[in-house]
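The next block holds one structure in the form of structure tokens; read it before the comments.
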Amino acid sequence: MTLGLFAAGFASADTVILTSNDTLGTSAFYKNNWSDNLVPHSGTDYLVEGNSTWNFAMRTPETSTGGRITFGGDSLTIGVVGGKWSSVNDKTYSNASLYFKTLTFANGYFVNGIDFSTEYVTSSVVNVTSPATARFAILGSSERTLVFQGPLSATQTCGLMVDGQATPIATTPYILYLKANNPAYLGSWQMQKNGVLMLDRAASLGGVPDAFDAASCTLANNGGIAAVNGVTLAAANRGITVTGAGGSLYAWPNTTWTLAMPLTGSAPVNKLGSGAVVVSNSWSGTGAITVLAGSLGFATNTVLAAGTAPSFSVKAGCLSLTDAQLGSRALSISNGYFNAAGLG
């Protein structure tokens, strides 16, 4: 049996296609609105795809009991046709786990739409076959977390986006939490609009690209990156670029993590969350740095390259800099404090 996809938007005859949009309160997990008129079952591949005028969406089951919810087919592909996105709308309540044998992102959306929730997605294989426009769109009016337990697979020309769909800067971000090692994921990441990529370990970010990619992780328009306590986020041939309205480094309460990836870009960077971030690799970004919560420090006097980070601002929390690190850069403190001893 093959996956049955020749390109995004085209399915072979052995692929079953969703034929209508799931209405609120229904789920194609258990519904026969597929092209074979059957409920999803083993031995078959499935494709959720829009048409030229409509964006089809498959909803996950609405349940408040938690537990594991299994998609019955051998694979599910979230695709696109005619310029219209297709999506899986996650309406499963907190602490439930969605299981797929094989899950493929071919320019589609995976949408989490439940406030104050944590859901889990598990799959034996997760393929990414599209550029970094395939989205984890994490929506709503309050913080939520989608825990993705992988493992992920992608070539260097592919990637994923974490899209919080919200501006301006939010103190309750929308989080995609990666918990697996992902050595076969060579693709890029984009975080935007308060979407945050949270990493359980450095290896969750992916494998090693063939050559250095400064934009392997892009923080755009208040997108952010975070790690759990004690992680040193180092990734060979991978850098972080900050663009648009800027990006954020998050650290949750009682956590300290180290950013050991080179950072560049002209947009501003914000430190958010009450935990601590230590920067230990080259920071050549030229945007202003603002501490809005928690603490931010730099491991050595050589981390901040000459001419970078033209100004620092502390609006809450703590900024730790030695005199040598601060140099002639402007410093503004409106609330919070400045530790002139640095991290030493």
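Just so you know, these numbers come straight off a predicted model, no measurement behind them.
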Looking only at non-hydrogen atoms, find the nearest pair between [X] and [Y] and report the distance.
X: I333; Y: G336; value: CG2-O, 3.7 Å
X: D200; Y: V228; value: O-CG2, 3.3 Å
X: G207; Y: P209; value: O-CD, 3.3 Å
X: A260; Y: A234; value: CB-CB, 3.8 Å
X: V231; Y: A202; value: CG1-N, 4.1 Å
X: P268; Y: V242; value: O-CG1, 3.5 Å

Between the side chains of [X] and [Y], does any donor sit under 3.5 Å from an acceptor?
X: Q149; Y: T122; answer: yes
X: D45; Y: T15; answer: no
X: D163; Y: Q192; answer: yes

What I'd like to find out is whether the side chain of [X] reaches to under 4.5 Å of the side chain of [Y], using heavy atoms alone.
X: W257; Y: L233; value: yes
X: L304; Y: R329; value: yes
X: L205; Y: L197; value: yes
X: L259; Y: L249; value: yes
X: F148; Y: Y177; value: no
X: Y46; Y: L18; value: no
X: S248; Y: K271; value: no
X: L103; Y: F105; value: yes

Is there a side chain to side chain contact (heavy atoms under 4.5 Å, CB included) between K179 and V147? Walk through the geometry before answering.
CA-CA 7 Å; K179 297 199 74 172; V147 181; 3.4 Å; yes

Give me each pair satisfying side-chain hydrogen bond (donor to acceptor under 3.5 Å, both in side chains) with a member in residues 226-241, each pair once, sequence neighbours excluded.
S216-R238

May I have all residue pairs that pass side-chain hydrogen bond (donor to acceptor under 3.5 Å, both in side chains) and include part of residues 288-304, sequence neighbours excluded?
T300-T302, N301-T322

Using 0.5 Å steps for rounding, measure from the [atom1] atom of [X] to the [atom2] atom of [Y].
X: F312; Y: F338; atom1: CZ; atom2: CZ; value: 8.5 Å
X: N107; Y: T129; atom1: CG; atom2: OG1; value: 7.0 Å
X: L152; Y: N181; atom1: CG; atom2: CG; value: 11.0 Å
X: S42; Y: K101; atom1: OG; atom2: NZ; value: 5.5 Å
X: I240; Y: M191; atom1: CD1; atom2: CE; value: 7.0 Å
X: N182; Y: L199; atom1: CG; atom2: CG; value: 9.0 Å

What orientation do Y185 and W189 show, parallel under 30°, tilted 30 to 60°, or perpendicular over 60°?
tilted

Give me the ring orientation class for F100 and F71: parallel if the planes are under 30° apart, tilted from 30 to 60°, perpendicular past 60°.
tilted

Shared hydrophobic cluster, [X] / [Y] (ILVMFWY, side-chain heavy atoms < 4.5 Å):
X: L186; Y: L178; result: no
X: L76; Y: V125; result: no
X: L321; Y: L331; result: yes

I'd like to know whether V196 forms a side chain to side chain contact (heavy atoms under 4.5 Å, CB included) with Y174, so could you lay out the CA-CA distance, the side-chain angles of the two residues, the decisive distance to 0.1 Å, and finally the verdict.
CA-CA 6 Å; V196 175; Y174 310 117; over 6 Å; no

Worked check of side chain to side chain contact (heavy atoms under 4.5 Å, CB included) between T102 and N127:
CA-CA 8 Å; T102 300; N127 300 308; 3.7 Å; yes

Test side chain to side chain contact (heavy atoms under 4.5 Å, CB included) applied to V128 and T155, step by step
CA-CA 8 Å; V128 180; T155 66; over 6 Å; no

Say whether, by atom type as modelled, one donor and one acceptor occur between the side chain of Q156 and the main chain of D210 under 3.5 angstrom.
yes

So that I know where these two stand, are Y120 and Y99 an aromatic pair - ring centroids less than 6.0 Å apart?
no

May I have the list of side-chain donor-acceptor pairs in residues 28-40 shorter than 3.5 Å, sequence neighbours left out?
| from | atom 1 | to | atom 2 | distance (Å) |
| --- | --- | --- | --- | --- |
| N33 | ND2 | S20 | O | 3.4 |
| N33 | ND2 | S20 | OG | 3.2 |
| N33 | ND2 | D22 | OD1 | 3.1 |
| W34 | NE1 | A28 | O | 3.1 |
| W34 | NE1 | K31 | O | 3.3 |
| S35 | OG | I17 | N | 2.9 |
| D36 | OD1 | L38 | N | 3.1 |

